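The structure appears below as structure tokens.
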Amino acid sequence: MELSEAAGVLGVHYQTAYRWVRDGSLSAQKVGTRYEIHRLDLEKFQAARNTPIPPPSTTRVRDWNELSSRFYLHITQGSEGSARGQVARLVGGGVDIVEVMEYLMAPALIEIGNAWREGTLSVAVEHRAVRICERILDAVSVARRGRPRGKVLVTTPTGDEHQLASTMAAVALRSRHWLVEDLGAEVPLDDLAALAAIEKPDFIVISLANPGVIQVADQMRQLLVQNGFATLVGAPGCRLSSLLAQLGEGQLDADALG
Ligand code: B12
């Protein structure tokens with residue numbers, strides 16, 4: 001195909017694609033005065049662009065438990081600056097944000113839930129801690145530049161106000177170059193299906209933190225699948241890395257529940 005067409009496929013201006021040809025990053029054959037791009041070369045280039053290049057890792061985490069316990073103290077004491085600083089140091093040192101959510105934040109939140117259940121931590125303290133986590137995640141969740149891998153709608157099952165799990169899914173997916181539409185919690189199923197029909201996402205992800213709504217989530221998934229939407233459900237204890245692996249491979253584990 002011609003370079004102008006390839007630029008369109010890549011979603012960039014002709015001059016940008018031309019620069020990539022000139023600096024050798026995009027293979028092309030000169031035919032007269034024009035450049036021809038082979039489809040396979042274009043696909044290879046596109047795949048390389050879509051593969052995130054992690055910053056050089058300078059931080060090696062030896063003990064996530066210790067770090068997470070410290071994070072727990074920061075967020076339960078309302079020390080937002082310290083919590084932010086901890087996350088910023090890890091991410092700045094090249095630690096994947098997905099690991100930070102999985103091994104630093106999630107265990108601290110689970111600990112908060114346990115302390116709340118035992119009556120040693122108040123709802124006010126829990127709310128404050130959650131808001132700190134939400135603000136930290138907002139700050140680190142930036143859409144990557146360039147053509148995304150595809151579109152994903154993220155939400156929770158109806159009846160589940162635990163939005164943070166879906167926020168984590170959204171942040172994880174954005175970090176891997178997916179265009180994420182984060183709908184938050186409590187979207188009625190009909191409205192979700194109607195929006196999906198308009199947005200035509202490649203996947204729908206339903207994240208739940210309250211085990212009491214597993215059946216609701218499964219019913220939602222079945223209905224969305226019947227409507228032609230590839231849908232994944234993540235429940236407590238499911239790994240964000242598993243979500244990414246399944247979407248990355250384009251394969252959906254139909255029984256990804258539990
Ligand atoms: C914060 C919190 C709240 C907040 C939520 C605020 C918010 N914006 O999210 C509020 C105050 C609203 C709340 C309310 C309630 N809560 Co609450 N809450 C929590 C708490 C402390 C953290 C929740 C959280 O973010 N977990 C998510 C992360 C941290 O963990 P995770 O579940 O393993 O999630 C991972 C996966 O889901 C994965 N993932 C995400 N998406 C996807 C997708 C795919 C496909 C895959 C593969 C993976 C994946 O990523 C996550 C990180 O690794 C939990 C404690 C806990 N153990 O989770 C209790 C907890 C969930 N809550 C609980 C309860 C009881 C309630 C209430 C019923 C309390 C009440 N009496 O009102 C209400 C229910 C409200 C409702 N209708 O939903 C219980 C549930 C117990 C049970 N077994 O049923 C828990 C477990 C606390 C406890 N220990 O008892 N809660």
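This one's a predicted model, so the numbers in the text were calculated from it and none came from an experiment.
Atoms OG and NZ, from Ser27 and Lys44 in turn, are 6.5 Å apart once rounded to the nearest 0.5 Å. If you take OG on Ser68 and CG on Leu73, they are separated by 10.0 Å, rounding to the nearest 0.5 Å. A distance of 8.5 Å separates OH in Tyr35 from CG in Leu3, rounded to the nearest 0.5 Å. How far CG of Asn65 is from CG of Leu104: 10.5 Å, rounded to the nearest 0.5 Å. Note that OG1 of Thr76 and CD of Glu111 are 9.5 Å apart. Values are rounded to the nearest 0.5 Å. Distance CD/Gln29 to CD1/Ile37: 7.5 Å, rounded to 0.5 Å.
If you chain together hydrophobic residues whose side chains sit under 4.5 Å apart, Ile110 and Leu67 never meet in one group. A single hydrophobic cluster is seen to contain both Val61 and Val140, as judged by linkage of ILVMFWY side chains at heavy-atom distances under 4.5 Å, directly or through other members. Cluster membership check: Val213 does not share its hydrophobic cluster with Val225, using side-chain heavy-atom separations under 4.5 Å among Ile, Leu, Val, Met, Phe, Trp and Tyr. Hydrophobic clustering, with ILVMFWY side chains joined whenever heavy atoms are under 4.5 angstrom apart, groups Ile214 together with Val187. By the criterion of side-chain heavy atoms lying less than 4.5 angstrom apart, applied directly or through intervening Ile, Leu, Val, Met, Phe, Trp or Tyr residues, Leu153 is grouped together with Val216 in one hydrophobic cluster.
In terms of heavy-atom proximity, Ala83 sits nearest to Ile132 at CB-CG2, 4.2 Å. The minimum heavy-atom distance between Lys30 and Gly32, with the atom names listed, is CG-O, 3.6 Å. Between Ala28 and Val21, the shortest heavy-atom distance links the atoms CB-CG1, 3.7 Å. Minimum interatomic distance between Thr158 and Leu189 (heavy atoms only, all atoms of both residues): CG2-N, 4.2 Å. Considering all non-hydrogen atoms of both residues, Ala185 and Gln163 come closest at N-OE1, 3.7 Å.
Considering only residues two or more places apart in sequence or on other chains, Ala129 meets the side-chain contact (heavy atoms from CB on, under 4.5 Å) condition with Ile75, Ile112. Looking at residues two or more places apart in sequence or on another chain, you find no side chain to side chain donor-acceptor pair (under 3.5 Å) involving Arg147. Remark: Trp116 engages no residue in a ring-ring contact (aromatic ring centres under 6.0 Å, His included) (not counting sequence neighbours). Residues forming a ring-ring contact (aromatic ring centres under 6.0 Å, His included) with Tyr72 (at least two apart in sequence, or on another chain): none. With sequence neighbours excluded, the residues satisfying side chain to side chain donor-acceptor pair (under 3.5 Å) with Glu36 are Arg34. Glu134 meets the side chain to side chain donor-acceptor pair (under 3.5 Å) test with Arg131; sequence neighbours excluded. Residues satisfying the side-chain contact (heavy atoms from CB on, under 4.5 Å) criterion with Ser69, sequence neighbours excluded, are absent altogether.
Under a 3.5 Å cut-off, the side chain of Ser4 and the backbone N or O of Glu2 do not form any donor-acceptor pair.
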- Quick one: do Leu247 and Leu232 satisfy side-chain contact (heavy atoms from CB on, under 4.5 Å)? Show the steps, please. CA-CA 9 Å; Leu247 263 62; Leu232 266 178; 3.1 Å; yes
- Task: List the steps and the verdict of side-chain contact (heavy atoms from CB on, under 4.5 Å) for Met105 and Leu164.
- Result: CA-CA 10 Å; Met105 279 191 179; Leu164 206 46; over 6 Å; no
- Task: Start with the C-alpha distance between Arg39 and Glu43, add both sets of side-chain angles, then the distance that settles salt bridge (charged side-chain N to carboxylate O under 4.0 Å, His left out), and finish with yes or no.
- Result: CA-CA 6 Å; Arg39 188 165 294 281; Glu43 281 170 9; 5.2 Å; no
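Pairs passing the ring pair (Phe, Tyr, Trp, His ring centres under 6.0 Å) check and including a residue from residues 83-104, sequence neighbours excluded, read Trp64-Tyr103. Pairs passing the side chain to side chain donor-acceptor pair (under 3.5 Å) check and including a residue from residues 182-193, sequence neighbours excluded, do not occur. Among pairs with a residue in residues 76-86, those fulfilling salt bridge (charged side-chain N to carboxylate O under 4.0 Å, His left out) read Glu80-Arg84, Glu80-Arg135, at least two apart in sequence or across chains. The list of ring pair (Phe, Tyr, Trp, His ring centres under 6.0 Å) pairs with a residue in residues 128-170, not counting sequence neighbours, is empty.
Annotation: side chain of Met101 is in contact with side chain of Leu137 (closest heavy-atom distance under 4.5 Å). Side chains of Leu10 and Leu42 form a contact here, defined as non-hydrogen atoms less than 4.5 Å apart. No side-chain heavy atom of Leu183 sits less than 4.5 Å from a side-chain heavy atom of Val154. Counting only heavy atoms from C-beta outward, the side chains of Met1 and Val9 approach each other to under 4.5 Å. For the pair Val98 and Arg176, the minimum side-chain heavy-atom distance is below 4.5 Å. Contact check for Phe71 versus Ile136: side-chain heavy atoms found under the 4.5 Å cut-off.
In the model, Ser82 has no side-chain atom that pairs as donor or acceptor with a side-chain atom of Gln86 under 3.5 Å. One side chain, Asp218 or Gln222, offers a donor N or O that lies under 3.5 Å from an acceptor on the other.
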Between side-chain atoms of residues 192-212 and protein atoms elsewhere (two or more places apart, or another chain), which donor-acceptor pairs fall under 3.5 Å?
unit_1 : atom_1 : unit_2 : atom_2 : d
Glu199 : OE1    : Lys151 : NZ     : 2.6
Lys200 : NZ     : Ala197 : O      : 3.0
Asp202 : OD2    : Lys151 : N      : 2.6
Asn210 : OD1    : Gly212 : N      : 3.0

